[in-house]
Amino acid sequence: MPRATQYVPQMGEIIQGLLEKGVAYQRTATRSTSRSRASRATGKLSGKVLDELEAGARVADEARRRTPRDFALWKSDPHHIQQWDAPWGRGFPGWHIECSAMSRTYLGDTFDIHTGGENNIFPHHECEIAQSEGFTGKRFVNVWLHAAHLNLEGEKMAKSEGNVLYPKDLVAEGVAPVAIRWYLQSVHYRQPMNFTREALKAASSGVERLLNFHDSLKHRADKGPEGVAAVKVVESLDEARVRYVAALDEDLNVAEANAVLFDLMRALNAMDLTRGDAAAVLGFLTDVDQVLGILPIGEESLEAEVERKIQEREAARRRRDFKASDRIRDELLAKGIVLMDSPDGVRWRRK
RNA sequence: GGCGGCAUAGCCAAGCGGUAAGGCGACGGAUUGCAAAUCCGUUAUUCCCCGGUUCGAUCCCGGGUGCCGCCUCCA
């Protein structure tokens with residue numbers, strides 16, 4: 001994680017370059033203040049009409065800049081905690097310059113994707129464009145992904161109003177982290193998301209199904225009927241892959257991509273998969289999980305005692321002593337272990 | 001006041017001119033020793049409202065209403 005304060009020299013390089021190009025200027029007229037400003041390139045993202053912006057009343061220090069659209073690259077305020085020496089006076093970096101400096105350091109003059117909250121479109125991101133493009137003469141960013149905000153139960157999520165919720169609190173309540181992840185990614189990034197318990201619960205059920213599907217595939221790949229991957233299955237996977245990628249290519253249409261997964265799951269669940277089929281599907285899911293990151297990492301294991309109980313129950317079932325087998329099942333359920341009988345033998349998972 | 005975004009079933013959510021994906025929930029079936037899991041079926045005739053364009057609009061245009069963001073020194 002780069003820290004802004006460690007890139008002051010790189011910021012200085014940009015500021016110097018902008019001054020030399022005449023894109024920025026220094027102000028020394030107002031008291032001891034010395035400022036450099038670059039004119040904003042703008043309206044590029046926000047679509048704001050600059051002349052109208054000038055009419056806006058909230059420009060307090062108009063005297064210091066030539067036009068309201070200008071912004072400070074370097075500021076001077078003896079009372080500020082952070083101070084650096086610079087050719088244009090002792091002071092500290094302006095608002096936006098650190099982003100240009102840091103991104104340039106690591107990603108170069110031009111990079112592909114810049115994300116951020118929609119509240120940063122103006123002025124922050126437009127200032128970044130102005131600085132970076134003014135300095136390099138090249139296109140700064142190819143694609144901007146501006147995420148809409150998160151609301152909580154219909155209210156704006158705001159610390160100042162106490163309307164906040166932290167993932168760690170949800171986890172403490174017993175919500176599975178993967179459910180939170182799935183829920184958050186299920187809404188398109190440009191769509192404002194209203195976080196509700198009800199929707200979280202729904203998302204939780206959905207991802208649970210997906211995880212259960214994955215689990216059953218592993219079981220199948222191991223203990224299911226012998227056989228190689230059927231053409232029908234392979235074709236389904238190929239089709240799903242194409243649709244999945246196409247959905248994400250379309251401005252990250254995650255909802256569409258998720259629908260592909262559910263469609264596929266339903267189709268495959270209706271088939272009697274062999275070990276080869278299951279292995280092929282698992283391969284597909286592993287690929288998809290590079291996007292989702294929801295599949296469990298590593299194998300889960302059972303305590304020896306639970307393992308023994310399961311064997312015990314199997315024995316009871318074989319002699320059709322359902323009373324005993326059900327008792328063991330309930331016992332394990334109370335411990336959070338769910339047992340599922342299948343033609344390939346019993347399967348378990350943690351609740 | 002200005003600029004931008006959004007408004008789809010009980011809930012969440014795709015769709016971008018050809019007559020409404022998917023998920024959750026609910027209800028009814030199938031399967032199961034009983035469950036769990038799974039499958040099948042049902043669940044939107046004003047897609048916020050009013051006009052317009054079009055053979056045809058949830059999708060385009062105009063006008064409303066509501067919600068969100070921004071309109072500068074916090075990045």
Side-chain angles (χ1 to χ4, degrees), chain A residues 4 35 37 40 43 45-62 64-65 68-73 75 77 80 92-99 116-128 146-151 154-156 182-183 186-188 190-210 212-213 215-216 219 243 247 250-251 253-272 317 320-323 325-326 329-330 333 338-343 346-349 351:
Chain A
R35 298 194 170 197
R37 299 170 191 284
R40 189 164 333 162
L45 299 175
S46 67
K48 286 186 192 300
V49 178
L50 297 173
D51 290 343
E52 290 182 4
L53 244 187
E54 291 188 37
R58 289 168 61 178
V59 182
D61 60 345
E62 201 148 354
R64 292 173 179 173
R65 55 183 102 176
R69 81 180 73 165
D70 293 351
F71 58 95
L73 292 166
K75 296 187 275 193
D77 177 355
H80 199 86
F92 55 99
W95 268 16
H96 321 287
I97 195 74
E98 70 294 334
C99 287
E118 61 179 351
N119 58 315
N120 286 142
I121 295 174
F122 178 90
H124 189 54
H125 292 159
E126 288 186 340
C127 289
E128 280 184 54
H146 286 111
H149 286 175
L150 181 61
N151 288 154
E155 300 281 325
K156 180 166 66 170
W182 179 260
Y183 177 40
S186 68
V187 179
H188 189 89
R190 273 193 289 105
Q191 195 77 346
M193 178 177 190
N194 183 30
F195 190 105
T196 64
R197 298 283 178 162
E198 191 184 358
L200 172 63
K201 206 169 166 221
S204 180
S205 301
V207 75
E208 181 75 14
R209 257 184 82 202
L210 231 31
N212 186 242
F213 175 57
D215 219 45
S216 71
H219 193 251
R243 283 179 61 203
E250 195 55 52
D251 195 19
N253 193 340
V254 176
E256 180 82 38
N258 288 165
V260 172
L261 255 30
F262 280 103
D263 285 342
L264 177 72
M265 177 165 68
R266 199 168 353 92
L268 294 173
N269 266 152
M271 297 182 202
D272 195 26
R317 287 190 72 219
R320 300 188 69 80
D321 181 356
F322 298 121
K323 202 166 173 185
S325 72
D326 287 354
R329 185 173 64 195
D330 291 345
L333 185 62
V338 184
L339 295 186
M340 289 165 281
D341 296 322
S342 81
V346 66
R347 183 160 72 81
W348 62 273
R349 72 181 165 91
K351 202 176 165 191

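We name chains A, B, ... by the order of the sequence lines, and we start the count at 1 in each one.
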Between [X] and [N], does any side-chain N or O lie under 4.0 Å from OP1 or OP2?
X	N	result
A:Arg317	B:C34	no
A:Arg243	B:A21	no
A:Arg197	B:C11	no
A:Arg209	B:C39	yes

Side chains of [X] and [Y]: closer than 4.5 Å at any heavy-atom pair?
X	Y	value
A:Ser216	A:Met340	no
A:Arg317	A:Asp341	yes
A:Asn212	A:Arg347	yes
A:His146	A:His125	yes
A:Arg266	A:Asp263	yes
A:Met265	A:Arg209	yes

Problem - 5' precedence on RNA chain B between A:Arg320 and A:Ser216 (nearest-nucleotide basis) - result: A:Arg320
Exercise for the section: Return the 5'-most residue of the pair A:Ser342, A:Asn120 with respect to RNA chain B, ranking by each residue's nearest nucleotide. Expected result: A:Ser342
Return the pairing partner of [N] with a 3.5 Å limit on both distances, Watson-Crick or G-U wobble; otherwise return none.
N	answer
B:U65	B:A7
B:C39	B:G29
B:G18	B:C55
B:U72	none

Handout entry: Whether A:Phe262 and A:Trp182 hold their rings parallel, tilted or perpendicular, with breakpoints at 30° and 60°
Key = perpendicular
Using the [atom1] atom on both, measure [N] against [M] and round to a whole Å.
N	M	atom1	value
B:U46	B:C55	P	25 Å
B:G25	B:U45	P	23 Å
B:A26	B:G69	P	34 Å
B:G15	B:G5	P	16 Å
B:C24	B:G63	P	41 Å
B:A7	B:G17	P	16 Å
B:G18	B:C59	P	12 Å
B:G10	B:C48	P	13 Å

Practice task
Indicate, yes or no, whether a donor-acceptor pair under 3.5 Å links the base of B:A37 to the side chain of A:Asn269.
Solution key: no
Euclidean distance, atom [atom1] of residue [X] to atom [atom2] of [N] [Å, nearest integer]:
X	N	atom1	atom2	result
A:Leu333	B:A36	CG	P	10 Å
A:Asp341	B:G33	CG	C1'	10 Å
A:His125	B:C71	NE2	P	13 Å
A:Met340	B:A36	CE	P	11 Å
A:Met193	B:C6	CE	P	18 Å
A:His188	B:A13	NE2	P	12 Å
A:Arg190	B:A7	CZ	C1'	15 Å
A:Asp272	B:U31	CG	C1'	13 Å

Exercise for the section: Would you confirm whether A:Tyr183, through its side chain, and A:Ala202, through its main-chain N or O, come within 3.5 Å as a donor-acceptor pair? Expected result: no
Using a 4.0 Å heavy-atom cut-off across all strands, classify [X] as base, sugar-phosphate, or nothing.
X	result
A:Asp326	base
A:Asp263	sugar-phosphate
A:Leu339	base
A:Arg329	base
A:Phe322	base

If you only use heavy atoms from C-beta on, which nucleotide in [options] is closest to the side chain of [X]?
X	options	answer
A:Arg266	B:G33, B:C12, B:C40	B:C40
A:Phe262	B:C39, B:G23, B:A14	B:G23
A:Glu98	B:A75, B:G33, B:A37	B:A75
A:Ala202	B:A21, B:A75, B:G23	B:G23
A:Asn253	B:G15, B:A36, B:A21	B:G15
A:Val338	B:A36, B:G25, B:U38	B:A36

